[in-house]
Amino acid sequence: MDLNEWKRFLIPYEQAVEELKVKFMGIREEYIRLEEYSPIEYVTGRVKKISSILEKAQRKGIPLEEIEKKIEDIAGVRIICQFVKDIDKVVKLIRERDGKDLRIVEERDYIKNIKPSGYRSYHIIIKYPLQTIRGEKEILTEIQIRTLAMNFWATIEHSLRYKYKKDMPDYIHKRLLNAAEAAFTLDKEMSEIREEVLKAQEQFEARSNMIAEIFTNIQNLSKINEIKEAGKLYQKFWEIWEEGDIEKLEDFNRKLDILAEIYGAQRLH
Ligand code: 0O2
Ligand code: 0O2
């Protein structure tokens with residue numbers, strides 16, 4: 001293939017990468033518009049350089065006429081997440097689109113099965129149906145889903161591997177393995193922080209809901225005029241509130257519920 005033929009060959013790959021980047025960024029934008037947490041932090045993509053395609057074909061013994069079928073990452077899209085759990089969510093979102101605007105060919109979980117180099121990422125190979133002026137064409141594309149920490153490690157390791165080719169000094173290799181371990185620990189720590197933050201948010205919400213309920217209950221009770229005790233109830237609420245004992249507040253709220261039922265029932269009779 002001469003350069004022009006290569007350029008023509010790569011046009012649909014460029015198109016597929018651009019469309020997929022827009023689609024995945026679209027998911028992020030949808031979450032943001034809904035004011036929800038987005039499992040996608042950002043998306044990049046690229047079409048493999050001709051030199052890299054040739055090098056990979058040679059390394060894997062793939063004849064030129066078979067590269068379209070056998071090299072899966074000529075088109076590559078990368079989805080970066082903040083937390084490891086977000087990766088599961090993104091994988092689920094992609095699976096839900098299987099058979100719709102893409103077709104999943106294979107999944108490779110290098111997070112459960114870390115590569116000997118220390119590489120971690122979740123790969124999904126898809127066929128993306130591209131509408132071209134010559135009709136539909138399915139484009140093999142590799143989607144890499146990884147956290148910021150995984151990406152940081154992989155980017156540095158990739159450039160060092162590229163620099164040293166097969167002759168990476170042993171001490172650098174060892175340091176990279178240490179760094180992979182550190183990136184793994186960072187992801188684990190961050191996941192735990194995330195759980196803590198989520199738990200704190202849930203507790204905060206449960207507390208706010210309960211306090212709103214207490215106020216509504218006292219207000220309702222004071223409307224049922226027989227009860228002259230609303231002031232006392234507010235007083236009691238403040239006392240417990242100041243103590244900061246959430247169980248006592250829950251207990252107080254349950255008692256208010258019972259009172260409201262008793263007074264409500266009496267009013268009906
Ligand atoms: P190679 O073949 O890895 O050496 P943009 O203008 O934002 O669309 P830009 O700046 O051209 O994109 O590039 P982008 O998307 O930021 O990617 C730059 C580099 O990131 C690429 O370098 C790749 O190394 C890597 N990269 C980004 N996305 C992917 C992906 O999905 N798969 C793979 N394998 N690598 C990716 P090169 O030199 O272009 O590519
Ligand atoms: P690029 O564009 O330079 O990133 P392989 O035989 O491992 O080259 P294979 O079997 O086709 O490739 O697929 P694999 O291993 O599932 O995924 C290939 C891509 O995953 C690589 O593309 C890298 O982007 C990434 N990857 C896999 N292993 C490593 C690793 O140890 N370190 C880093 N930094 N990235 C890895 P390429 O071909 O290297 O292309």
Side-chain angles (χ1 to χ4, degrees), residues 6-7 9-18 20-21 24 40-81 84 87 90-91 94-95 102-128 138-187:
W6 268 109
K7 279 186 180 158
F9 171 72
L10 293 177
I11 289 170
Y13 291 93
E14 305 273 1
Q15 188 65 26
V17 169
E18 287 313 310
L20 284 163
K21 280 205 297 192
F24 290 125
I40 295 177
E41 186 61 15
Y42 66 89
V43 183
T44 63
R46 60 95 184 93
V47 171
K48 224 173 170 60
K49 286 192 215 101
I50 300 171
S51 58
S52 305
I53 298 174
L54 288 174
E55 185 269 323
K56 191 160 189 168
Q58 195 178 39
R59 177 161 53 87
K60 297 200 148 192
I62 299 169
L64 215 56
E65 58 282 5
E66 285 180 26
I67 53 175
E68 194 177 337
K69 279 202 196 83
K70 297 210 169 139
I71 299 188
E72 296 156 329
D73 67 341
I74 295 178
V77 175
R78 192 171 281 165
I79 301 176
I80 310 297
C81 310
V84 182
I87 296 177
V90 174
V91 170
I94 295 175
R95 285 188 192 142
L102 52 85
R103 204 149 55 80
I104 295 177
V105 177
E106 201 181 321
E107 293 186 24
R108 294 181 192 145
D109 187 349
Y110 298 127
I111 296 173
K112 272 208 186 92
N113 311 303
I114 304 175
K115 282 202 164 189
S117 62
Y119 178 78
R120 289 183 303 137
S121 247
Y122 198 97
H123 290 193
I124 302 183
I125 313 294
I126 61 158
K127 280 192 172 163
Y128 180 69
E138 280 199 315
I139 306 294
L140 258 183
T141 307
E142 180 190 71
I143 305 173
Q144 300 179 339
I145 311 155
R146 43 170 86 153
T147 61
L148 289 158
M150 292 174 191
N151 193 46
F152 179 48
W153 181 89
T155 307
I156 308 251
E157 196 263 1
H158 188 273
S159 57
L160 287 174
R161 199 154 37 99
Y162 186 76
K163 178 170 182 235
Y164 290 109
K165 295 267 162 37
K166 283 199 167 59
D167 308 313
M168 188 183 287
D170 215 32
Y171 76 95
I172 290 189
H173 179 67
K174 279 195 185 121
R175 291 225 169 230
L176 278 170
L177 284 178
N178 288 343
E181 191 65 39
F184 179 73
T185 309
L186 181 62
D187 270 333

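Counting starts at 1 for both ligands and their atoms, following the listed order.
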I'd like to know whether Phe24 forms a side chain to side chain contact (heavy atoms under 4.5 Å, CB included) with Ile143, so could you lay out the CA-CA distance, the side-chain angles of the two residues, the decisive distance to 0.1 Å, and finally the verdict. CA-CA 11 Å; Phe24 290 125; Ile143 305 173; 3.9 Å; yes
Taking atom 6 (O) of ligand 2 as the point of reference, which of Lys56, Arg146, Lys70, Lys60 owns the nearest heavy atom? Lys60
Enumerate the atoms of ligand 2 whose separation from the nearest heavy atom of Ala154 is less than 4.0 angstrom. 34 (N)
If we number the atoms of ligand 2 from 1 as shown, the ones under 4.0 Å from a heavy atom of Arg46 are 1 (P), 2 (O)
Any N or O of His158 closer than 3.5 Å to N or O of ligand 2: yes
Taking only heavy atoms of Lys115, which atoms of ligand 2 are found under 4.0 Å from at least one of them? 7 (O), 14 (P), 15 (O), 27 (C), 28 (N)
Enumerate the atoms of ligand 2 whose separation from the nearest heavy atom of Arg59 is less than 4.0 angstrom. 5 (P), 6 (O), 8 (O)
Look at ligand 2 and say whether Tyr110 reaches it with a heavy atom at a distance under 4.0 Å. yes
Leu102 and Thr141: side chain to side chain contact (heavy atoms under 4.5 Å, CB included), yes or no, with the steps? CA-CA 10 Å; Leu102 52 85; Thr141 307; over 6 Å; no
Do any N/O atoms on Ser117 end up under 3.5 angstrom from N/O atoms on ligand 2? yes
Please work out which of the three classes, parallel, tilted or perpendicular, describes the rings of His158 and Tyr162, given edges at 30° and 60°. parallel
Per-atom contacts, ligand 2 versus Asp73 - under 4.0 Å to a heavy atom: 22 (O), 37 (P), 38 (O), 40 (O)
Between Lys115 and Glu157, is there a salt bridge with N-O shorter than 4.0 Å? no
Would you say the side-chain atoms of Thr44 pair up with the backbone N or O of Tyr42, donor to acceptor, closer than 3.5 Å? no
Does any N or O atom in Glu157 lie less than 3.5 angstrom from one in ligand 2, N or O only? yes
Atom 37 (P) of ligand 2: of Lys48, Lys49, Arg108, the nearest heavy atom sits on Lys48
Judged by atom type as modelled, is there a donor-acceptor pair below 3.5 Å linking the side chain of Trp153 to the main-chain atoms of Leu177? no
Could you work out, for atom 36 (C) of ligand 2, the closest of Tyr162, Tyr119, Trp153 by heavy-atom distance? Tyr119
List the steps and the verdict of side chain to side chain contact (heavy atoms under 4.5 Å, CB included) for Leu140 and Lys69. CA-CA 8 Å; Leu140 258 183; Lys69 279 202 196 83; 5.7 Å; no
List the steps, then state whether side chain to side chain contact (heavy atoms under 4.5 Å, CB included) holds for Arg120 with Arg146. CA-CA 7 Å; Arg120 289 183 303 137; Arg146 43 170 86 153; over 6 Å; no
